[in-house]
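Because the structure is a prediction, the values reported are computed rather than measured.
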Amino acid sequence: MSTQSTPGIDGPGVPDHPSRSDGFVRGLSGLIGGPLGDHAVARERPSGGERRFWTAVRIVLALTCLTLALHWVQKSPCQDGAWANNEQYTRFCYTDVLALYYAERLNEGAAPYRDHPVEYPVLTGYFMGALGLPVHAVGDGNPEINQGQWFYNLNVLVLGALAVATVAVLLALRRRRPWDAALFALAPALLLTATVNWDLLAIGLAAFGLLAWARSRPALAGVLLGLAGAAKMWPLFILGPILVLALRAGRLRAALTAIGTAVVAVVAVNLPAAIPYRENWNRFFELNTDRPIDWGTLWYIARYLDGKFGDPGSLGPFQWLDANIPTLNYLSYTLFGLACLGIGALALLAPRRPRLGQLAFLVVAAFLIFSKVWSQQFVLWLLPLVVLARPKWGAFLVWQAAEVCYFVAFYGELLGASTGRPVFPEGVFVLAASLRLITVVALVVLVVREILNPERDAVRSTYPDDPDGGLIDGSPDAPWLDRWRSRRATTALPPAPVPTAT
């Protein structure tokens, strides 16, 4: 017989079992006999020398490897690079990793930035060169070798190792909640987009940066987040939540240390390319400045609606923005900046100090929501942050279903653009993009709700405060915040009644 419990009943410190704590998983567990019982829970915590090989940690790591193996199989039709009859789209197997081996002239032995401009931040360019140039050196004297295929498979091994390392970090951050990491391990988005680009490089470095912060090593955390930001810019946004939480906890020195070392790391990595090859190094910034509205973004959806419901004889506001890129850039950055200010205010004014994972998710999600570019693999950025922010299966699976729908619609759009014959009406793609946007916004709303109502937070049903907080974890709020609250409470009190003479 199984016994049920709900979050918080067992109290912080008790290992979590999703079949007992997560309502969605508890409902599904009825198909196999109900939630995990007390006997099974006891078996997972053996005493003495008794050990079970298939622990939760090993199962989650094995599931990650299985998902990555299935991803390799899914992308295998494109490995030879002989993409005839648009099979890279009809088989959903396109990957920038293989395409850019030739587009960035790695197959000719061109060193990134020195010999050819690269459209990515420097650490990604260095990574491409570190794997691509040895492949070219071997293949140059062995014409029977398919250099592109070797390059892709080498990237699969390294990026796959980074994905497994990311899951290992999530497991280390959630020792009492190991099954949370299964959201990352089993995510359909990981299966479909793991090696579409080099995003797992930044994700792995950012994960180790968060682990260093959680282990109270702010200088190392800054270096790792800086390196991650030198691969893809978004990990630098995590420094904002660190700063705000440290301000609220009166631990500003630790946050400034992390920010300082992050700046040093970013500058140190960029200088070797920026000084001697400035024009080639600047390609990333020029491309992002000049790009118009990209597929699947909020702006794309709005531009489509302009065309459907606007005056046929004139440009709608979002059609006008697409033709005025500087204004689009300013508006996008302004909205993201306002969102960050709102998140900062939430962090300072919430009834209880939010967790780092919650704020990091909100900031990166806000960037994607208001960005003019939202590539298919950017979903990977949010995966580890969702695990840390809101490890609940119901809304997560709805979001992943929307991402799968977008993935399919996106490849249909690519095929239609390539052949000149639409696979389906553009409205279908816009609908898929809208569903993706709506589900991400819904996750944002749910995280904000749990910040405002900490008793709803699944992580805090297991941990007393913030397992990712490092020096902030368990710290009281800074005295200045207590004084501000006292003044606010005093101001809010109604005036004392004035006694009247009788």
Participant: Kindly say whether Val266 contributes a backbone atom to a donor-acceptor pair with the side chain of Asn270 at under 3.5 angstrom?
Facilitator: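 Between the backbone of Val266 and the side chain of Asn270 there is a qualifying donor-acceptor contact (under 3.5 Å).
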
Participant: Step by step, would you call Tyr277 with Tyr113 a ring-ring contact (aromatic ring centres under 6.0 Å, His included)?
Facilitator: CA-CA 6 Å; Tyr277 318 114; Tyr113 305 107; 8.2 Å; no

Participant: Scan residues 181-193 for pairs that pass side-chain hydrogen bond (donor to acceptor under 3.5 Å, both in side chains), counting only residues two or more places apart or in two chains.
Facilitator: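 Checked against side-chain hydrogen bond (donor to acceptor under 3.5 Å, both in side chains) - neighbours excluded - no pair reaches residues 181-193.
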
Participant: Whether the side chain of Ser461 engages the backbone of Ala458 through a donor-acceptor N/O pair (distance < 3.5 Å, no angle test) should be reported.
Facilitator: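 At least one qualifying donor-acceptor pair exists.
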
Participant: Counting neighbours of OH on Tyr330 that are heavy atoms of other residues, nucleotides or ligands and sit closer than 6.0 Å, is the number greater than 12?
Facilitator: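 No, the 6.0 Å shell around OH holds no more than 12 heavy atoms from other groups.
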
Participant: Would you call Lys392-Glu450 a salt bridge at under 4.0 Å N-O?
Facilitator: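 Yes, this pair counts.
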
Participant: Spell out, as yes or no, whether a donor-acceptor pair under 3.5 Å connects the side chain of Arg353 to the backbone of Ile472.
Facilitator: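 Judged by distance alone, yes, a pair lies under 3.5 Å.
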
Participant: Regarding Arg355 and Asp457, does a basic nitrogen lie under 4.0 Å from an acidic carboxylate oxygen?
Facilitator: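 The answer is yes: the pair qualifies as a salt bridge.
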
Participant: List the steps and the verdict of side chain to side chain contact (heavy atoms under 4.5 Å, CB included) for Phe151 and Leu131.
Facilitator: CA-CA 7 Å; Phe151 177 68; Leu131 298 186; 3.9 Å; yes

Participant: Give a yes-or-no answer on whether the side chains of Thr462 and Arg177 include a donor-acceptor pair shorter than 3.5 Å.
Facilitator: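 Short answer, yes.
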
Participant: Spell out, as yes or no, whether a donor-acceptor pair under 3.5 Å connects the side chain of Arg58 to the backbone of Phe53.
Facilitator: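 Yes: the side chain of Arg58 pairs with the backbone of Phe53.
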
Participant: Could you tell me whether a side-chain N or O of Thr67 sits under 3.5 Å from a main-chain N or O of Ala185, the two making a donor and an acceptor?
Facilitator: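 Judged by distance alone, yes, a pair lies under 3.5 Å.
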
Participant: Quick check against the 3.5 Å criterion: does Glu104 have a side-chain atom that pairs as donor or acceptor with the backbone of His116?
Facilitator: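 It does not hold such a pair.
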
Participant: Has Arg215 got more than 12 heavy atoms of other residues, nucleotides or ligands less than 6.0 Å from its CZ?
Facilitator: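 Correct, the count exceeds 12.
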
Participant: With side chain to side chain contact (heavy atoms under 4.5 Å, CB included) as the test, would you mind laying out the steps for Glu413 and Trp295 before giving the verdict?
Facilitator: CA-CA 9 Å; Glu413 197 77 355; Trp295 287 1; 3.7 Å; yes

Participant: For a quick test of your reading: what N or O donor-acceptor pairs under 3.5 Å do the side chains of residues 363-371 make, sequence neighbours left out?
Facilitator:
from   : atom 1 : to     : atom 2 : distance (Å)
Ser371 : OG     : Val373 : N      : 3.1
Ser371 : OG     : Val373 : O      : 2.9

Participant: Are side-chain heavy atoms of Trp198 and Leu162 found at a separation under 4.5 Å?
Facilitator: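 A side-chain contact is absent here, since even the closest heavy-atom pair is not under 4.5 Å.
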
Participant: Taking Gln74 for its side chain and Phe92 for its backbone only, find out whether a donor-acceptor pair lies under 3.5 Å.
Facilitator: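 Checking the backbone N and O of Phe92 against the side chain of Gln74, a donor-acceptor pair under 3.5 Å is found.
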
Participant: Ion pair present between Asp468 and Arg174, side-chain N to carboxylate O less than 4.0 angstrom?
Facilitator: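 Yes, this pair counts.
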
Participant: Decide whether Trp381 and Asp199 meet the rule of one side-chain donor and one side-chain acceptor closer than 3.5 Å.
Facilitator: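 There is such a pair between these side chains.
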
Participant: Return each pair, listed once, that meets side-chain hydrogen bond (donor to acceptor under 3.5 Å, both in side chains) where at least one residue sits in residues 219-243; pairs must be two or more places apart or across chains.
Facilitator: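 Residue pairs passing side-chain hydrogen bond (donor to acceptor under 3.5 Å, both in side chains), neighbours aside: Asn197-Lys232.
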
Participant: State whether the side chain of Ser375 and the backbone N or O of Phe378 hold a donor-acceptor pair below 3.5 Å, judged by distance alone.
Facilitator: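 The answer is no, because no donor-acceptor pair under 3.5 Å joins these two groups.
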
Participant: Run the side chain to side chain contact (heavy atoms under 4.5 Å, CB included) test on Leu362 and Leu359 for me, step by step, so that the C-alpha distance in whole Å, both residues' side-chain angles and the decisive distance to 0.1 Å come before the verdict.
Facilitator: CA-CA 5 Å; Leu362 291 179; Leu359 296 188; 4.3 Å; yes

